[in-house]
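Please read the structure below before turning to the comments.
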Amino acid sequence: MKGSIVNIWRMHIPKRALVASLLVLNMLMATRFSVSRSVHPILRKSPKRISQLTSKHLHKSQSCPLWSSSFSFCLQSLHKSKTTSLSFSTSSACPPSSLSMAASATASAVDDLSLEDNPLLQDFEFPPFDVVKAEHVRPGIRALLKQLESDLDELERTVEPSWPKLVEPLEKIVDQLAVVWGMINHLKSVKDTPELRSAIEEVQPEKVKFQLRLGQSKPIYNAFKAIQESPEWNALSDARKRIVESQIKEAVLNGVSLEDDKREQFNKIEQELEKLSHKFSENVLDATKKFEKLITDKKEIEGLPATALGLAAQTALSKGHENATAENGPWIITLDAPSFMSVMQHAKNRVLREEVYRTYVSRASSGDLDNTPIIDQILKLRLEKAKLLGYKNYAEVSMAMKMATVDKAFELLEKLRSASWDPAVQDMEDLKSFSKSQGALEADKLDHWDIGFWSERLRESKYEINEEELRPYFSLPKVMDGLFNLAKTLFGIDIEPADGLAPVWNNDVRFYCVKDSSGSPIAYFYFDPYSRPSEKKGGAWMDEVVSRSRVLSRNGTTSRLPVAHMVCNQTPPVGDKPSLMTFREVETVFHEFGHALQHMLTKQDESLVAGIRGIEWDAVELPSQFMENWCYHRDTLMSIAKHYQTGESLPEDVYLKLLAARTFRAGSFSLRQLRFASVDLELHTNYVPGGSESVFDVDQRVSKTTQVLPPLPEDRFLCSFSHIFAGGYAAGYYSYKWAEVLSADAFSAFEDAGLNDSKVFWGKEYRTISQS
């Protein structure tokens with residue numbers, strides 16, 4: 001449903017809607033079928049054939065934070081992903097029963113009074129985000145690792161090929177590290193300081209060393225192999241089979257089969273990759289923060305809407321300009337998304353647009369913050385790692401835990417590129433014609449800093465929609481109310497504010513309790529909505545805090561409940577106004593909530609395959625993109641689009657225009673994503689580190705067939721491409737397009753059934769799946 005390109009693609013592959021809708025249902029409700037790469041409907045040569053979905057192999061998901069710095073942690077140690085030791089009871093009220101950190105045993109085991117007061121090692125109900133400081137990191141992590149080394153020694157000494165003697169103690173070990181490391185890593189993403197960076201950097205090698213020892217443990221690996229080969233194998237539940245199969249495959253990818261010298265080399269590579277990815281992320285954040293343009297003459301920012309002027313003046317106030325106002329300035333422009341996008345779309349000052357654009361696409365590419373050598377070293381080490389594991393390139397390593405193969409991913413991208421090219425060319429011609437009709441001197445030679453500005457003017461002219469005029473209809477409180485009502489309709493859940501129940505890292509962070517139809521809590525989540533460029537990473541992401549778990553139940557009868565966090569970087573409130581959102585920001589919230597739902601609605605009690613764990617990465621974007629479709633559903637949109645002052649609903653004619661504008665420049669937007677996905681795959685398959693072609697040469701070469709307007713020769717967007725160099729999308733960015741096609745088909749099944757009857761449809765399908 002996302003644009004004409006997907007619709008074109010859908011026509012070539014019929015009968016996928018049911019498959020895709022079942023995938024969404026499986027993934028959101030966490031009672032899943034397995035769909036292997038060999039039967040994936042998108043990539044079949046014979047698209048009319050429908051794969052037979054079977055419940056023989058259940059698969060769960062790993063953590064999928066979209067922009068989180070914990071990406072590399074999750075990918076490198078898949079079975080070590082976040083399984084925290086908090087135990088949430090399922091009482092009828094939101095506050096859980098007392099929760100406990102298993103890591104608290106560490107404090108009592110270490111005769112050090114300072115450790116006894118360390119919040120990383122204390123009993124708590126929810127992570128103490130509000131009191132954790134940089135000075136707690138070194139002693140806390142080291143004390144924890146010392147205890148975990150002892151626990152692992154004991155597990156290897158006593159391990160047996162049974163669930164109580166293998167998986168349960170393994171889960172507890174992983175949990176203790178994951179909850180603490182996840183806490184400090186999250187704080188680094190949302191409340192960054194030089195002191196916190198330094199502390200994490202110092203203990204990170206020790207943490208990685210323990211993870212590698214755990215991931216390469218032959219006693220544990222052999223025990224899983226023994227379970228798989230035992231007579232009891234067929235009697236295991238599908239979820240447990242999935243765990244065993246995943247643990248064996250992940251152990252091999254973690255180097256368990258390597259000989260001593262090769263394993264030592266592998267471990268050095270892993271240590272260096274972890275360090276490099278963190279440094280890459282830090283450089284992007286610092287380069288983004290570094291740019292601040294002070295403007296005192298309002299003529300220089302003519303065209304910027306009131307919201308952008310208010311934000312720029314508010315930024316100036318925070319930087320010490322005491323008398324800054326939206327009307328009279330001064331104003332500060334930054335590279336943070338709300339500021340950057342406002343300039344690109346609305347500033348009449350072409351010189352300003354050019355300056356901001358050039359700075360943006362060259363972030364982290366020079367001086368002390370230059371990511372170029374980091375990129376080169378990451379790609380070199382990834383290739384070395386692949387060769388050690390017996391693969392030709394890193395893309396093959398990445399695909400080992402995905403649904404696609406390298407060839408099939410390239411095939412998908414080329415088919416979508418071919419379908420997108422002509423519409424994108426027409427998009428450019430439309431822009432040239434329109435800008436010329438408006439008397440633009442640059443009409444015959446539009447450049448990159450002109451595209452956003454004239455696209456917005458054309459959209460306003462063609463559909464009579466002004467994005468800024470829509471903002472008052474999308475206040476954050478109304479959007480969240482509408483989103484929660486949709487969740488109630490689709491899933492029968494209630495979401496209630498629970499502020500004050502859990503400590504938070506910033507006063508703007510909200511905390512919520514998710515309840516089932518009986519009023520019992522089933523999950524919790526944090527929501528950090530606003531941009532804070534001085535301390536918070538850009539982008540949007542979702543990650544888990546804890547997963548659902550039977551083993552880590554506190555009272556021994558009810559499972560620990562899942563907890564998630566959603567992080568966005570949208571426009572903050574200005575003055576006495578609430579956060580007034582662009583429609584794209586609305587879509588982003590729906591997207592991240594789709595990820596969170598997948599984690600929170602799970603009913604699987606085996607923690608290692610519960611919620612967002614264990615799902616092939618190229619399917620992990622499916623529920624999130626599926627949820628975006630509801631932004632265009634009339635009843636849903638009208639429930640959130642209320643004027644923040646008058647309460648007036650969005651006019652019907654404006655809704656129809658918004659719907660019509662949905663496919664505006666779809667070809668161009670598709671090519672943009674295809675450029676990212678194609679250069680990602682190219683760098684991880686055919687690129688030769690240290691060869692005659694630089695990474696930027698590769699980008700320029702790929703762009704010749706994926707960009708109608710070639711990038712600037714000095715374009716260095718790769719230096720800020722955190723998804724693949726500081727995240728989990730290396731050789732996997734194609735998954736956005738993969739999931740987009742599937743999510744479009746899933747939503748089409750709802751459209752075919754009648755969206756207003758979707759609850760009945762959903763309930764029927766869910767009952768079928770949950771009984772499988």
Side-chain angles (χ1 to χ4, degrees), residues 30 60-65 68 70 73-74 77-91 94-104 119-129 132 144 148 167-168 170-187 189-190 498 501-505 509 511-515 520-528 541-556 558-567 595-614:
K60 310 302 171 193
S61 72
Q62 69 221 40
S63 179
C64 179
S68 172
S70 61
F73 169 67
C74 297
S77 307
L78 297 180
H79 73 279
K80 308 178 196 68
S81 108
K82 297 180 180 178
T83 50
T84 63
S85 61
L86 300 180
S87 263
F88 290 11
S89 70
T90 52
S91 59
C94 265
S97 61
S98 180
L99 313 173
S100 177
M101 283 265 318
S104 63
L120 296 178
L121 304 174
Q122 301 303 307
D123 288 343
F124 53 73
E125 294 186 350
F126 292 96
F129 288 116
V132 173
L144 179 61
L148 293 180
V167 180
E168 294 179 6
L170 174 63
E171 183 178 333
K172 292 174 182 177
I173 289 174
V174 172
D175 207 81
Q176 295 178 61
L177 175 60
V179 68
V180 178
W181 190 261
M183 192 191 321
I184 61 175
N185 211 32
H186 175 66
L187 286 173
S189 296
V190 297
L501 177 61
V504 295
W505 52 91
V509 176
F511 190 67
Y512 295 94
C513 175
V514 183
K515 294 182 176 182
S520 298
I522 59 172
Y524 301 86
F525 71 98
Y526 304 83
F527 181 39
D528 185 353
W541 66 91
M542 170 268 161
D543 205 348
E544 67 173 67
V545 179
V546 299
S547 66
R548 185 179 174 97
S549 173
R550 170 189 56 82
V551 171
L552 295 167
S553 167
R554 180 166 178 80
N555 58 22
T558 56
S559 293
R560 180 185 69 181
L561 300 183
V563 182
H565 57 66
M566 290 169 49
V567 183
H595 284 299
L597 284 174
Q598 186 177 3
H599 179 62
M600 296 188 296
L601 298 189
T602 183
K603 296 188 176 182
Q604 178 55 250
D605 288 330
E606 296 289 351
S607 179
L608 296 177
V609 289
I612 60 174
R613 298 180 177 183

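With sequence neighbours excluded, the residues satisfying side-chain contact (heavy atoms from CB on, under 4.5 Å) with Val551 are Glu168, Glu171, Lys172, Ser549. Contacts of Pro503 classified as side-chain contact (heavy atoms from CB on, under 4.5 Å), with partners at least two apart in sequence or in another chain: Phe126, Asp130. Looking at residues two or more places apart in sequence or on another chain, you find a side-chain contact (heavy atoms from CB on, under 4.5 Å) between Val167 and Trp163, Phe224, Leu608.
Atom CD of Gln604 sits about 9.0 Å away from atom OG of Ser559, to the nearest 0.5 Å. Atom CG of residue Asn185 and atom CE of residue Met183 lie 11.5 Å apart, to the nearest 0.5 angstrom. Atoms CG and CH2, from Leu120 and Trp181 in turn, are 10.5 Å apart once rounded to the nearest 0.5 Å. Distance check, rounded to the nearest 0.5 Å: CZ of Phe525 to CZ of Phe511 gives 9.5 Å.
In this structure, His599 contributes its side chain and Val563 its backbone to a donor-acceptor pair below 3.5 Å.
Note: Trp505 and Phe129 have perpendicular aromatic rings, judged against thresholds of 30 and 60 degrees for the angle between ring planes.
Considering all non-hydrogen atoms of both residues, Ala523 and Leu561 come closest at N-CD1, 4.2 Å. Annotation for Thr602 and Arg548: closest pair O-CD, 3.6 Å, computed over non-hydrogen atoms. The minimum heavy-atom distance linking Pro521 with Cys513 is given by the pair CB-SG, 3.9 Å. Here the closest non-hydrogen pair linking Ile184 and Val132 is CG2-CG1, 4.3 Å. In plain terms, the two heavy atoms of Leu148 and Leu177 that are nearest each other are CD1-CB, 3.6 Å.
Looking at Gln176 and Leu144, their side chains come closer than 4.5 Å, going by heavy atoms from C-beta outward. For the pair Met600/Tyr524, no side-chain contact is recorded, criterion being any heavy-atom separation below 4.5 Å from C-beta on. Side-chain contact check for His186 versus Asp543: every heavy-atom pair is 4.5 Å or farther apart. Put simply, the side chain of Pro127 reaches to within 4.5 Å of the side chain of Val545, judged on heavy atoms.
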